[in-house]
Protein chains: 2
Amino acid sequence: MSEQLSLRAERLRAAGHKLTHARLSVLRVLEESGGHVTSAEVLERVSALDASIGRASVFRTLDLFTSLLIVRPTYIDSSVTPTYVLMPEGHHHHIICTNCNRVIEFEDCCLSEMTAELEARLGVKLTGHLVEFYGLCDRCRQ
Amino acid sequence: MSEQLSLRAERLRAAGHKLTHARLSVLRVLEESGGHVTSAEVLERVSALDASIGRASVFRTLDLFTSLLIVRPTYIDSSVTPTYVLMPEGHHHHIICTNCNRVIEFEDCCLSEMTAELEARLGVKLTGHLVEFYGLCDRCRQ
DNA sequence: AACTTAATTGATACTCTATCTCAATTAGAA
DNA sequence: TTCTAATTGAGATAGAGTATCAATTAAGTT
Ligand SMILES: [Zn+2]
Ligand SMILES: [Zn+2]
Ligand SMILES: [Zn+2]
Ligand SMILES: [Zn+2]
């Protein structure tokens, strides 16, 4: 396979998982869709890429990616289906407008001190985080 | 009704919603179950309290509480159903172990500065937040 | 390049959560 | 008490995600 492998694919392999066609397709879809996608959207786009990939594999892959923190499911717009958020370097931060469900991402991270403090105090090993703020976006604020 | 009303019930009323029997029952179940409950658990416990309350009302109430930030759905242990987390004063912080799905809560909040900064920079009005750390708990770290 | 094997896959039937509909009820104001 | 819009419960329906299992495949070994 001469295909260029993304960093995340390497992480998959490093964690002892096979780089299968189904998994690489899901990864590609996630990386090409900008960061916030529902499972229905992933299903649809994977199917468009290769209709022979089964739904079960897509869900299995999303579960696997979740456990590896490549992706994190979150509930935007309180629907049934989670929205999968890419976690670029293990962390992600956004604001969800409680009125229109718009998602505003931001990069600033002020949690490295707190990460170290929690690891020391609780004996845990932290590898990522998600910060969600809720409120009204500039438009909905009137 | 001579029943003592919780602070959250007052918030419900203040937001212009009726304090119905179904809503107060869901609220009671949430407050009595310590903070992390799935919709199935809420359904079951509400039903135990009063079997005449319909499933649809429970889901409608969970949606309403979500939009009011009384509760926030999150994705613990990759099951189908979200886990509803109580947001005591608009914010909540926890660590999810990616190995055993244990949830460790903590109170420390270092986000008030960032809240003010985001409001100023982006023109938003923030009313709450959820901080989720991922990693290995002390037991799973070996 | 062929061999080996455990991991992974896809089809499909199935489970079960959540939504929809609508007539009946109810909270809360007057 | 009367009034009315908000809310409810039942039951039917939709649709997301899972279980099963024989067939396939990634990737290490020879
Ligand atoms: Zn908005
Ligand atoms: Zn961060
Ligand atoms: Zn653990
Ligand atoms: Zn906080």
Side-chain angles (χ1 to χ4, degrees), chain A residues 1-3 5 9-29 37-68 71 73-84, chain B residues 1-3 5 9-29 37-68 71 73-84:
Chain A
M1 185 179 305
S2 59
E3 191 182 329
L5 289 184
E10 292 295 357
R11 276 174 59 200
L12 252 187
R13 169 180 285 154
H17 302 280
K18 290 187 179 178
L19 299 187
T20 66
H21 179 58
R23 286 172 180 164
L24 292 174
S25 300
V26 172
L27 183 55
R28 180 172 154 194
V29 163
V37 239
T38 62
S39 52
E41 287 166 342
V42 174
L43 274 172
E44 182 186 312
R45 292 178 200 179
V46 165
S47 220
L49 259 180
D50 182 343
S52 76
I53 296 173
R55 15 178 337 96
S57 289
V58 173
F59 283 108
R60 281 187 287 233
T61 301
L62 288 173
D63 278 352
L64 176 63
F65 286 6
T66 297
S67 74
L68 292 173
V71 108
T74 184
Y75 286 90
I76 296 171
D77 104 67
S78 73
S79 68
V80 190
T81 45
T83 296
Y84 290 87
Chain B
M1 183 178 306
S2 60
E3 190 182 330
L5 289 184
E10 293 295 357
R11 274 174 60 200
L12 252 188
R13 169 180 285 156
H17 302 281
K18 290 186 178 178
L19 298 188
T20 66
H21 179 57
R23 286 174 180 163
L24 291 173
S25 300
V26 172
L27 183 54
R28 180 172 155 194
V29 162
V37 239
T38 63
S39 52
E41 288 165 342
V42 174
L43 274 173
E44 182 187 311
R45 292 178 200 179
V46 166
S47 219
L49 258 179
D50 181 344
S52 77
I53 296 173
R55 10 177 350 92
S57 288
V58 173
F59 284 108
R60 282 187 286 234
T61 300
L62 287 173
D63 278 352
L64 175 63
F65 286 6
T66 297
S67 74
L68 293 172
V71 109
T74 185
Y75 202 82
I76 295 169
D77 107 65
S78 74
S79 68
V80 189
T81 47
T83 296
Y84 290 88

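Fair warning: this is a prediction, and the values are worked out from it, not measured in the lab.
Atoms CG (A:L62) and P (C:dT9) sit 12 Å apart, rounded to a whole Å. Between B:Y84 atom OH and C:dA18 atom P the separation is 6 Å, expressed in whole Å. In this entry the distance linking CG of A:L64 with P of C:dA7 reads 14 Å, nearest Å. Atoms CZ (B:R23) and C1' (C:dG28) sit 13 Å apart, rounded to a whole Å. The distance between atom CZ of B:F65 and atom C1' of D:dT7, rounded to the nearest whole Å, is 13 Å. One interatomic measurement links the two molecules: NE2 of B:H21 to C1' of C:dG28, which rounds to 17 Å at whole-angstrom precision. The CD1-P distance, from B:I53 to D:dT8, rounds to 9 Å in whole Å. Atom CG in A:L24 sits about 13 Å away from atom P in C:dT8, given to the nearest Å.
Set against C:dG10, D:dT18, D:dG9, the side chain of A:S57 has C:dG10 as its closest nucleotide. Here the nucleotide nearest the side chain of B:L19, chosen from D:dA27, C:dT9, C:dG28, is C:dG28. Taking only side-chain atoms of A:T20, from C-beta outward, the nucleotide of C:dT8, D:dG9, D:dG17 with the closest atom is C:dT8.
Only one option out of B:T61, B:V46, B:V26, B:L43 pairs with B:I53 in a side chain to side chain contact (heavy atoms under 4.5 Å, CB included); it is B:V46.
A 4.5 Å side-chain heavy-atom check between B:Y75 and A:Y84 finds at least one atom pair inside the cut-off.
For C:dA18, the OP1/OP2 oxygens have no side-chain nitrogen or oxygen of B:T81 closer than 4.0 Å.
Between B:L43 and A:A51, the residue whose closest nucleotide on DNA chain C is further toward the 5' end is A:A51. Positionally, the nearest nucleotide of DNA chain C for B:F59 lies more toward the 5' end than for the other of B:F59 and B:R13.
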Got a list of protein N/O to nucleotides 1-6 of chain C N/O distances below 3.5 Å?
none

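Rounded to the nearest 0.5 Å, atoms CZ (A:R28) and CG (A:L49) are 4.5 Å apart. The distance from atom CZ of A:R60 to atom CG of A:L62, rounded to the nearest 0.5 Å, is 12.0 Å. Between the OG atom of A:S57 and the CG atom of A:L64 there is a distance of 11.5 Å, given to the nearest 0.5 Å. Atom NE2 of B:H21 sits about 3.5 Å away from atom CG of B:D50, to the nearest 0.5 Å.
Looking at heavy-atom distances under 4.0 Å, B:A56 makes contact with a base.
Between the side chain of B:R55 and the base of D:dG11 there is no donor-acceptor pair of N/O atoms closer than 3.5 Å. Side chain B:R60 to base D:dG9: a donor-acceptor pair is found below 3.5 Å.
Here the closest non-hydrogen pair linking A:R23 and A:K18 is NH1-O, 2.9 Å.
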